[in-house]
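First comes the structure, then the notes that go with it.
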Amino acid sequence: MIVLASASPRRAEILRAAGIDFIVQAANVPEDVAPGEDAGAYVRRVAAAKARAVDGGGLIVVAADTTVVVDGEIMGKPEDRHDAARMLRLLAGRWHEVITGVCIRAPLAAGAEREIVDAAVTRVLFGPMTAAEIDAYAGTGEPLDKAGAYAIQGLASRHVERIEGCYFNVVGLPVSMVWRRLRALGYQSTTEPSSGS
C-alpha cells in the first residue's frame, strides 16, 4: 500500500490499472512558477512539496506534478475557456513537451526517510486545428483542469498525431518510472506472485 498525494482521478486510475494499491491524501500546495525557474525544476519542486505536505503514516508517499511546455512557456491549467483556447492555438500543428515531476518518500529504520525526485518528458505532436475546432474543444469544459488545456485520453485524442515517450506521463503519471522506483524501495503489489510460488 502507498499514499498518493494527489486528488487527480487520472493518477488514481493509472495506479489502479497498474495494480498498485494506494490510498489518497490530497496535498494542497502552491503551484506558482518561481522567477527564472525552468519546467523540469518547477515540476520536481512542486512534486516534492506535495510529497512532504502529507503524513504517510509509515507508508511510501508518491506525488506528481505535470506541465506542458511550448516555446519555453510553462502551461499549467488554463484560467478559463479563453485561456484554454489561447493555449490550444499555440499547440495546434506543433510538437510540445509534457513534463511530469515525481517525488517518492519512503520510510526507513529509526524514523529516517529516503526521498527520490525525478521527472519524465514526453513529446507530443498535435495536428492542425481550425479556429472552430479550438473554440469547440475549449467550450466542452474538458481542458479547464488540465495542464496545457487538453486531455490526451479524452476529446483531444482526435488531434494527437504522434507521441514520443510515455503515454501515461501525458495523462499525469509516468507509471513505469514510478513502478521501477517503488520496486527499488522494496514495494510489492498484492497482484504479484509471492517469491515462494
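Basis for what follows: all heavy atoms, side chains included, without hydrogens, waters or symmetry-related copies. This chain uses plain numbering: 1 for the first residue, then up along the sequence.
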For this session: Evaluate the side-chain proximity of Val70 to Trp95: yes if any heavy-atom separation is below 4.5 Å, no if none is.
Result: no
Group every Ile, Leu, Val, Met, Phe, Trp and Tyr by side-chain heavy-atom contacts under 4.5 Å, then state whether [X] and [Y] land in the same group.
X	Y	result
Val46	Val102	no
Ile14	Val61	no
Leu173	Leu59	no
Val43	Ile116	no
Leu91	Val69	no

[X] side chain vs [Y] backbone, donor-acceptor pair below 3.5 Å:
X	Y	result
Glu13	Arg10	no
Thr122	Tyr167	no
Thr100	Asn169	yes
Arg11	Gly172	yes
Glu115	Ile104	no
Arg44	Gly40	yes

Exercise. How far does CD of Glu133 sit from NE2 of His159, to the nearest 0.5 angstrom?
Worked result: 5.0 Å
Any ion pair linking [Y] and [X] (charged N to carboxylate O, less than 4.0 Å)?
X	Y	answer
Asp135	Arg81	no
Glu97	Arg123	no
Glu31	Lys50	yes

Exercise. How far apart are the C-alpha atoms of Val3 and Val62, what are their side-chain angles, what is the distance that settles it, and do they pass the side chain to side chain contact (heavy atoms under 4.5 Å, CB included) test?
Worked result: CA-CA 6 Å; Val3 174; Val62 174; over 6 Å; no
Exercise. So does Asp80 have more than 12 non-hydrogen atoms from other groups sitting under 6.0 Å from CG?
Worked result: yes
For this session: For residues Tyr137 and Tyr150, establish whether the separation of their ring centroids is below 6.0 Å.
Result: no
